Protein chains: 2
Amino acid sequence: MHKKTPTMQDVARLAEVSIATVSAVINKTAVVSAKRSERVRKAMEALDYHPDHIARSLKTGKTQTVGIILPDVTNPFYPEVITGAEEVAHANQYSVILCNTNEDPVQELQQLNILFGHRVDGVLIGCTDPAISLDGLTRRRFPIVCFDRIPHGFQGDSVTTDNFHGAYEATRHLISLGHEEIALLVGRTELSTHLARLEGHRKAMIESRLPILGEYSFSGGMEVKTGHEIGRHLLEARNRPSAIFCTNNKLLLGFVTAMRESGVHCPKTISVVGYDDFAWTENFYPRLTVVAQPARELGRRAMQQLMKRIKGDISTPTQITLEPELRVRDSTGPRR
Amino acid sequence: MHKKTPTMQDVARLAEVSIATVSAVINKTAVVSAKRSERVRKAMEALDYHPDHIARSLKTGKTQTVGIILPDVTNPFYPEVITGAEEVAHANQYSVILCNTNEDPVQELQQLNILFGHRVDGVLIGCTDPAISLDGLTRRRFPIVCFDRIPHGFQGDSVTTDNFHGAYEATRHLISLGHEEIALLVGRTELSTHLARLEGHRKAMIESRLPILGEYSFSGGMEVKTGHEIGRHLLEARNRPSAIFCTNNKLLLGFVTAMRESGVHCPKTISVVGYDDFAWTENFYPRLTVVAQPARELGRRAMQQLMKRIKGDISTPTQITLEPELRVRDSTGPRR
DNA sequence: TTTCCATCGCGTAACGTTTCGAAATCTGCG
DNA sequence: CGCAGATTTCGAAACGTTACGCGATGGAAA
């Protein structure tokens, strides 16, 4: 048999004070004499009392909880973002509800409604559906900060990395090594991130007056398998490129496997640049040259912005852009 | 200017019914005539009304929310677990609050208290502190299911993989290839998982009457750097082993790098078995032989068990053990 | 027409907090 | 000792729901 969890009522009774006094002690919202506040503290201790956030939230309208919606926890980029975001959330006494959409727009909408029902104080969203409309929500005074992928036409707060510039640098790097036939393996170009990378790549190519050949451009799914198929096809073609820039890490994985299967040497025969840096990229063989995004910092900044909004900041929306960094390792080398 | 979010009050007024009727319609908790319930539905639609989970929770004592506490989202094993757990939770209309402890026991306790304050209906925990005491909580009728790492002496529900057997199979595999000097690189042996792996390895060695040499056994941190250092030291030793079994993926990463730096060929000179299977292990060079844990299934099973408890199941605690699977690839070969 | 039941709708008391204004108590000074 | 003013404490009304039990309605049986 178990007694139910204690309430302020119980604490008040034991400490022989009023409920209001207990509340004052807990929230330091009024001065309470040393003697009484000590009695209250003792009573809380004795009963193992923990305030009920639910009841508090109902009264205050604040839940001290934020939501994070993202496409896929299984993509190691996101856990890094989460870590950064959680860090600042916890520092501000906020809890985080995590929602996975599994890259499914329908789930994304559901999750948003669930979070709304939970009356979270705000949400961070890495959009699954590039065409999602968040305006209705933001207008309801439901603070939202977008990170990584920004939906089309979104006017609110956002934090991204400079995908255009990252891709530009990656391609520049390949060009500087003497490569001219550079293939591009890009993810879903409906996504703001991948579109920007596509454009960054193109700018570098055009600047150097290099041809952007149709047979070197692939966009589509973002699965290992896709990368593998494209790799097989591309590597056996007569006019195979001498370098490839791949904007998605799963695609890259498949491509690298195809490369190994074809006996093509990297970087001697073909140079490879990937996107995103993880624990294993440096231990891959060959060590991968990649564009690294400051994922954790991105999470931090996004959450900081959200915290500001929650605290009532109503300045005009900010679009923060962080700089990615090209990390040159062994998978890229001079053209032969 | 914005109107505040609508309440049942508003819906009732617009539909010209009582609040109780609105509630009945929403929860299907009583029969309401077609005409009225249609009016209510229309009104909800018109006002864009969403029930307030907070208020509901206060009344019902159920939050439809569970917590997941784990040591490190950044270790790709956990995102898989999360995915499985979330899947089941959502199917049961539960939301998930995610808590990272960053491998810090102090944070773990804090998180537990926060979750308790949020009045979550239960929690899933992959323990950071092997000595944490969960008894007090479970006795408070706060359903807890442990997964992966089980704290010392824990008597409640748990879901793990058979670490002992996984390690046993891994070492058996090496022995069957003719290896005799097998080194073990094990993580923190205070953790139930790594201790079991250590013991599984030993059993296989002893069964085959092979010596367990002190200079081949390393336990300690679980960082890439540590694996790297041990690798350097071990590979340059006079009597270096012909095979190594590594129970932690970060350690393994460091070790593999050291191997490459020393010019030691795998699997010709040394065979390697790792733990946990990820997208990249198969694309590594060499393709890694590993013990794969059914991480997603583990998450599913753990959440299923938690759901049962939340729904009032009070049968005696179950300890579920899932079988890992040895995936033989290219990093292990016959001894030369 | 009256009586009886089934059906459906509603009023209202919680749930555990916060908060505000009023009541109680204390302080110091004339 | 009395009183004003400052300080500390308290009572009670919300917050948005759910759920219990009573009252109203209406059709069928008598």
Side-chain angles (χ1 to χ4, degrees), chain A residues 3-41 43-44 47-65 93 114 116-121 140-141, chain B residues 3-41 43-44 47-65 93 114 116-121 140-141:
Chain A
K3 19 187 176 176
K4 44 205 282 295
T5 61
T7 73
M8 285 183 37
Q9 192 64 261
D10 304 317
V11 175
R13 195 158 25 231
L14 183 60
E16 297 180 294
V17 298
S18 75
I19 291 185
T21 304
V22 177
S23 175
V25 169
I26 292 171
N27 304 301
K28 302 192 195 14
T29 183
V31 189
V32 178
S33 70
K35 204 190 305 178
R36 273 157 182 271
S37 77
E38 187 50 27
R39 282 216 311 270
V40 170
R41 231 176 295 280
M44 296 200 311
L47 295 172
D48 191 25
Y49 167 81
H50 294 266
D52 186 333
H53 286 213
I54 294 294
R56 176 180 297 174
S57 296
L58 180 59
K59 195 79 232 305
T60 62
K62 299 275 153 222
T63 53
Q64 294 291 106
T65 303
Q93 334 273 30
I114 291 175
F116 191 66
H118 275 293
R119 296 291 186 260
V120 295
D121 295 340
R140 270 190 210 155
R141 287 197 178 293
Chain B
K3 18 189 178 178
K4 44 205 282 294
T5 62
T7 74
M8 285 183 37
Q9 191 66 259
D10 303 317
V11 176
R13 192 156 29 225
L14 183 60
E16 297 178 294
V17 297
S18 75
I19 290 187
T21 304
V22 178
S23 175
V25 170
I26 292 172
N27 304 301
K28 304 193 197 2
T29 182
V31 189
V32 177
S33 70
K35 205 192 305 179
R36 287 171 113 76
S37 76
E38 187 51 27
R39 282 218 309 273
V40 170
R41 231 178 295 280
M44 296 201 309
L47 296 171
D48 191 24
Y49 166 81
H50 294 265
D52 186 332
H53 286 214
I54 293 295
R56 200 212 296 280
S57 296
L58 180 61
K59 193 79 225 316
T60 62
K62 299 274 154 226
T63 53
Q64 293 290 107
T65 303
Q93 334 273 33
I114 291 174
F116 191 67
H118 276 294
R119 296 290 185 262
V120 294
D121 295 340
R140 268 189 211 157
R141 286 195 180 292

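Only a predicted model underlies this, so the values are computations on that prediction, with no experimental measurement involved. Proteins come first, then strands; the chains are lettered A, B, ... in the order of their sequence lines, and each starts at number 1.
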What is the separation between atom [atom1] on [X] and atom [atom2] on [N], rounded to the nearest whole Å?
X: A/M8; N: C/dC15; atom1: CE; atom2: P; result: 14 Å
X: B/L58; N: C/dT18; atom1: CG; atom2: P; result: 12 Å
X: A/R56; N: D/dG16; atom1: CZ; atom2: P; result: 18 Å
X: A/N27; N: C/dC20; atom1: CG; atom2: P; result: 13 Å
X: B/D52; N: D/dA14; atom1: CG; atom2: C1'; result: 14 Å
X: A/R39; N: D/dT8; atom1: CZ; atom2: P; result: 15 Å
X: B/K28; N: D/dA19; atom1: NZ; atom2: P; result: 14 Å
X: A/Q9; N: D/dA12; atom1: CD; atom2: P; result: 13 Å

How long is the gap from [atom1] on [X] to [atom2] on [Y], to the nearest 0.5 Å?
X: B/K62; Y: B/S57; atom1: NZ; atom2: OG; result: 10.0 Å
X: B/T65; Y: B/H53; atom1: OG1; atom2: NE2; result: 8.5 Å
X: A/L14; Y: A/R39; atom1: CG; atom2: CZ; result: 9.5 Å
X: A/T5; Y: A/D48; atom1: OG1; atom2: CG; result: 10.0 Å

Set of residues satisfying side chain to side chain contact (heavy atoms under 4.5 Å, CB included) with respect to B/D10, sequence neighbours excluded: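 Per chain and number, B/D10 pairs via side chain to side chain contact (heavy atoms under 4.5 Å, CB included) with B/P6, B/T7, B/R13, B/L47.
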Qualifying residues under side chain to side chain contact (heavy atoms under 4.5 Å, CB included), relative to A/K59, sequence neighbours excluded: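 For A/K59, no residue satisfies side chain to side chain contact (heavy atoms under 4.5 Å, CB included) once neighbours in sequence are set aside.
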In chain order, what residues pass the ring-ring contact (aromatic ring centres under 6.0 Å, His included) check against A/F116, with sequence neighbours excluded?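 By the ring-ring contact (aromatic ring centres under 6.0 Å, His included) rule, A/F116 matches A/F142, B/H50.
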Using five base pairs at each end to define the local axes, how bent is the helix from C/dT1-D/dA30 to C/dG30-D/dC1, to the nearest 10°?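 Roughly 60° between the end axes, to the nearest 10°.
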What pairs of donor and acceptor atoms, side-chain ones from residues 15-28 of chain B against any protein atom, are under 3.5 angstrom apart with sequence neighbours left out?
{"from": "B/S18", "atom 1": "OG", "to": "B/A20", "atom 2": "N", "distance (Å)": "3.3"}
{"from": "B/S18", "atom 1": "OG", "to": "B/T21", "atom 2": "N", "distance (Å)": "3.2"}
{"from": "B/S18", "atom 1": "OG", "to": "B/T21", "atom 2": "OG1", "distance (Å)": "3.1"}
{"from": "B/S23", "atom 1": "OG", "to": "B/N27", "atom 2": "ND2", "distance (Å)": "3.3"}
{"from": "B/N27", "atom 1": "OD1", "to": "B/R56", "atom 2": "NH1", "distance (Å)": "3.1"}
{"from": "B/N27", "atom 1": "ND2", "to": "B/S23", "atom 2": "O", "distance (Å)": "3.1"}

Check: B/D121 side chain, B/T63 main-chain N or O, donor-acceptor pair, under 3.5 Å: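 Looks like yes, one N/O pair under 3.5 Å.
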For A/S23 and C/dT18, is the shortest distance between a side-chain N/O and OP1 or OP2 below 4.0 Å?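 Checking A/S23 against C/dT18: at least one side-chain N or O falls below 4.0 Å of OP1 or OP2.
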Going 5' to 3' along nucleotides 6-14 of chain C, which nucleotides have protein heavy atoms under 4.0 Å from the base (write B), which only from the sugar-phosphate (write S), and which from neither (write -)? --SSBB--B
Reading DNA chain C from 5' onward, which residue's closest nucleotide shows up sooner: A/T29 or A/A55?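 Residue closer to the 5' terminus by nearest nucleotide: A/A55.
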